[in-house]
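What follows is a single structure, written as structure tokens, with notes after it.
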Amino acid sequence: MPGRVPAWRRYLRFLRPDIDADVDDELAFHVEMRARDFEARGLHPAAAREAAVARFGDVETIGRWLRDHDRRRQRARHRRDTMGDIARDARFAARTLRRQPAFALTAVATLGLAIGACTAIFSVLEATLLQPLPFRAPERLAVLQGVAGPERDVRGGSVIEVLDWGRMSRSFEHVAIYDETTLGLQGDDGAERVEAEMVSASYFPMVGATAQLGRVFGPAEDSVPDAHPVVVISDAMWRTRFGADAGIVGRTVTLNERPFTVLGVMRPGFQGLSFDTDVWFPAMMVRANGGPSDLSDRGNRWLGAVGRLKDGVTLAQAQQDLDGVAAQLARDFPETNADRGVQLLALRDLYVGAEGGGLDSPRALVVALFGAVALLLLIACANVAGLQLVRAAGRRREIALRMAIGADRARLVRQLLTEGVVLAAAGALVGVFVAYWGLQGLVALAPDGVLPVYARPSLDATTFGFALAVAVGCGLVFGLVPAFRASRGSLSEALKAGGRGSDARLGSRRFGAQEMLVVGETALALVLLVGAGLFVRSLREQLRVDPGFRAEGIVRARFELPVRYTPEKRIPFVEELQTRLAAAPGVRAVAIGSEMPLGGYTAAGFLHVPEVDDRVRYYRHIVGPGYFSTLGIGVTRGRALDASDRDGAPDAAVISEAMAERFWKGADPVGRTFRLGSPTGPEVTVVGVVRDARFRDLTTSLSTTEPDVYFSIAQRPARGLEVAVRSDLDVAQVTALLRRELGALDPTIPLFAIAPLEEVLAGETAQGRFASTILSVFGAAALLLAAVGLYGVLAFLIDLRRREIGIRLALGATRERVTGGVIGRGLLLAAAGVAVGVAGAMGAMRVFENQLFSVGARDPVTIATVALALLVVSGLASLLPARRAARIDPQVALAAE
Amino acid sequence: MGSERADLLQGTLGIVILKALLWRSMHGYGIARWVEDTTADVLRIEEGSLYPALRRLEERGWVACVWGLSESNRRAKYYTITPAVRAHLRSEAAVWLEFAGAVGRVLRAAPAIG
């Protein structure tokens, strides 16, 4: 039986309808009237009431239904009202902005650029680090790498070792051998190199790759070495090279001069973990691609593996497991496995680098760019917030009045917030276009290899969502800032003459809100500029590194002599090729060797120097006559390798300066000997010393890593070779020449990796240049915004204090003092910002310690330079307002208002 | 009252309420009493369903409500029919009466029901 509504609730009805009470009232009324009716017919009051309730039906249920219904309707009405209010606020805000085009354009342009840049970089971040890799449950995939020594240098594993990892560990569903390589594909129309992956059978289900024709490898292909010469090809290769032949399965293709049967064609779009693979062959066919004759040789290491973690097993747990496996192997096979381990990487880290990775890590680059652009966005927001404050100061009177006559404070705040969001929305709209064009530019500018192959940044739903979220966030900030300021402060103060109060004075020590914003902006700008400066300096240091060779005018290319070229056949072939190339018009010099500098291909071995007890790992280079002179690698002692170092003559070697320095210090190493492989291995005599040349990269220290040792090609003829041609010809001409001459000698040998050496050299610093360029652009933008912000604040303050300045001038203050006061204020703000910024930079830049070459993350020179630059720019930005202040005519200023 | 009669009444409850309100604005109890009086107590509105029916009519915009004071000075919610519906009601009622008349003729036609 619904009860009477207590008196206090009745009074609340003046404020808003009380649903529950109303429903109760209505039903209570009905029942009471019915009860009265019964009473009138003679029933006892109590009985009458009972009968009335019974007559009514289920009062409780009806009451509940009514209450729910009424509440729902009230909520819907409330929502509609609010939506209507917000729509109205938005229209009003838009009108207000139209009436102040200068402010609107500035704010929208600033925001648009900042939001656009942020969105573009975010889409790069998303494509690189966030979007899941296109494999089955990619978070469960991990890469296993064989490592050596305390530094955990990546060396790879041997065939039998990798199989042991899979067998002995308990953390993986499967472990598959994985190696990225190339194969020679021989066809009727000549030969070409194809990208290939050598894999165990479990690789395909592991990554979720299926065949559209035929099948993938099964247990049979993993069983016996050399027994199953089969391959699986990619959809792309099937279409382009085999014309989508429906009878492809079972066809024979010739790879590395061996016949292989096509077992299947992969589904479209799958190109392996390397994203460019066209051919997969079984790990047991490793000998077809230069694998060792003894697959149980534990010491012959180069392979990697890929594994799928069992459900519930973390990477850390699996790493512990593998450490145990490595320890067990070290105990079982001490000669080959002492000090060897297995390192586990999440699959993504293979492409982007591990957390805290080294120079040129794509992960670090993307994070750095995103951090920089986020700072830029904050600075832009601070600028617009400052502009908003100026506007709000102008409306302070209006707002104070409205509040005094009882305007709902919440409504007011909501209106101001809506204004901010409208502004941000307009900025976001512009930002989308900026992001689109910016992204095109970024992707075009990005050198190859800077971003992982799978990363295809685009403006997709996630990116739009991000832009929207950023816009809303910014909008709320812009709205809240003036809302807070406007709703504070007393009415009387706001209504005072002038009415555009600000609690900042030119001479006061306290900073007003706008000034705080400028200090913040300056601090952020300093952090950004320091970051940019550090990357620029790192790049400059990299560019200053002497590569040790002369790259101008050289074009290099790689080819591989087929297996049928026995060592005796290789030497005349190479000599003939070199002679023919050298005779071509326009060619100045020709060199042939196992690799050219910065090629990325280097073989390693061990040697024993009598002066040193331990064995030394070194990089082995096979070079032909004229190698050093062609490449401009200076010979500092003794001689270069030449025709006299042929088969039969004593084993000769040329060593690098770093090696000479490391083992023989000041003494002349020419004539000294060392042994290859073991203390009883072949003895080699040093015949010369050359300048250090950079083969791996520009940045690794040469005095502490593997030394370079050069051997004569006539004494150690290799199959994998590179040729370098120094000429006056352009790349196309040299390419044609190379193809012609190589083809004349043997048309089945494909030429690949053709590139000018200058390009290869430039490629080493490509990422550094990319990062520096973009960061510099952001830095310049930040500097500009901070300067504009400072200018704005000072101009506003002067405008505000026009009268006060006029009075002071009238009372005898010199114009210089006024100017000095303004500039001083400006410099004070800048100095405060710089101080905060330096503290921030010292902390923040530590993250990029590993990405900087030869410059520390807290490099004082960079920080000092940036701080000085900011102060100078701030001083300049203060000049204009200062001069305006000095030009105030006291009479005009006093007469106004 | 038989349950069959009650079911008939539910389906046409809306129209009955509107007809009642055509007379004058009433509160919920007043509507119930009007129906009882007009049909000489043959029809009794299931009072539970009266109020939800009124809410539905209100949602469709056919009745409006306002709080007022009853004859006995108690607070009560009064319902009024909206002008747009008056016309609609006339045509609806005409349709219903024709139907009822036709049904009546059928039932009175020979052979007479025993």
Side-chain angles (χ1 to χ4, degrees), chain A residues 1-7 9-14 16-41 48-77 80, chain B residues 1 3 5-7 9-10 13-14 16-17 20-21 24-80:
Chain A
M1 168 74 182
R4 284 301 191 99
V5 178
R9 273 180 77 174
R10 291 177 177 279
Y11 290 109
L12 281 177
R13 285 215 196 100
F14 282 116
R16 81 167 72 89
D18 185 343
I19 303 281
D20 293 355
D22 282 352
V23 167
D24 289 349
D25 272 2
E26 194 173 9
L27 298 183
F29 175 78
H30 187 118
V31 170
E32 269 209 37
M33 294 294 282
R34 183 66 75 185
R36 282 229 209 130
D37 233 12
F38 285 150
E39 269 186 57
R41 297 209 202 137
R49 182 131 253 163
E50 240 183 83
V53 173
R55 169 71 179 268
F56 188 89
D58 189 348
V59 181
E60 304 298 329
T61 314
I62 304 269
R64 226 174 313 139
W65 190 94
L66 290 175
R67 276 195 287 273
D68 281 342
H69 178 267
D70 286 350
R71 266 193 227 118
R72 245 180 300 123
R73 282 192 63 202
Q74 192 192 52
R75 272 201 298 270
R77 205 180 317 137
R80 258 178 288 127
Chain B
M1 166 162 100
S3 58
R5 282 195 211 147
D7 289 340
L9 196 51
Q10 307 299 32
L13 190 54
V16 168
I17 293 174
L21 292 176
R24 59 170 186 280
S25 299
M26 297 178 204
H27 46 62
Y29 183 68
I31 296 173
R33 282 306 307 274
W34 183 89
V35 171
E36 285 160 27
D37 294 344
T38 314
T39 64
D41 229 13
V42 172
L43 293 178
R44 277 194 205 165
I45 297 189
E46 182 65 57
E47 302 187 7
S49 52
L50 180 65
Y51 287 94
L54 280 164
R55 291 291 194 278
R56 282 187 216 108
L57 290 173
E58 202 192 337
E59 227 174 274
R60 293 213 205 105
W62 290 358
V63 304
C65 58
V66 67
W67 283 94
L69 285 178
S70 72
E71 309 83 33
S72 44
N73 263 341
R74 299 273 313 283
R75 188 166 174 262
K77 205 174 192 186
Y78 282 84
Y79 294 87
T80 320

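Letters A, B, ... mirror the listed sequences (proteins, then strands); counts begin at 1. Predicted model, so just to flag it, every value in this text is computed and none were measured.
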Rounded at 0.5 Å granularity, tell me how far OH in B:Y51 sits from NE2 in A:H69. 15.0 Å
Spacing of B:H27 atom NE2 and A:H30 atom NE2 [to the nearest 0.5 Å]: 9.5 Å
Nearest heavy-atom approach of A:E26 to B:W67 is N-CH2, 4.1 Å
Closest non-hydrogen contact found for B:R75 with A:F29 is O-CD1, 3.9 Å
Within a 6.0 Å radius of atom CZ on B:R24, are there more than 12 heavy atoms belonging to other residues, nucleotides or ligands? no
Please determine whether the number of non-hydrogen atoms from other residues, nucleotides or ligands lying under 6.0 Å from atom CD of A:E50 exceeds 12. no
For chain B, find which of A:I62, A:T61, A:L66, A:D58 contributes the most heavy-atom pairs closer than 4.5 angstrom. A:L66
Side chain to side chain contact (heavy atoms under 4.5 Å, CB included) between B:R33 and A:M33: does it pass, once the steps are laid out? CA-CA 10 Å; B:R33 282 306 307 274; A:M33 294 294 282; over 6 Å; no
Salt bridge (charged side-chain N to carboxylate O under 4.0 Å, His left out), that's the test. Do B:R55 and A:D70 meet it? Break it down for me. CA-CA 9 Å; B:R55 291 291 194 278; A:D70 286 350; 2.8 Å; yes
Side chain, backbone, both or neither: which part of A:R36 has an atom under 4.5 Å from a heavy atom of chain B? side chain
Chain B contact via A:R55 - side chain, backbone, both or neither, heavy atoms under 4.5 Å: both
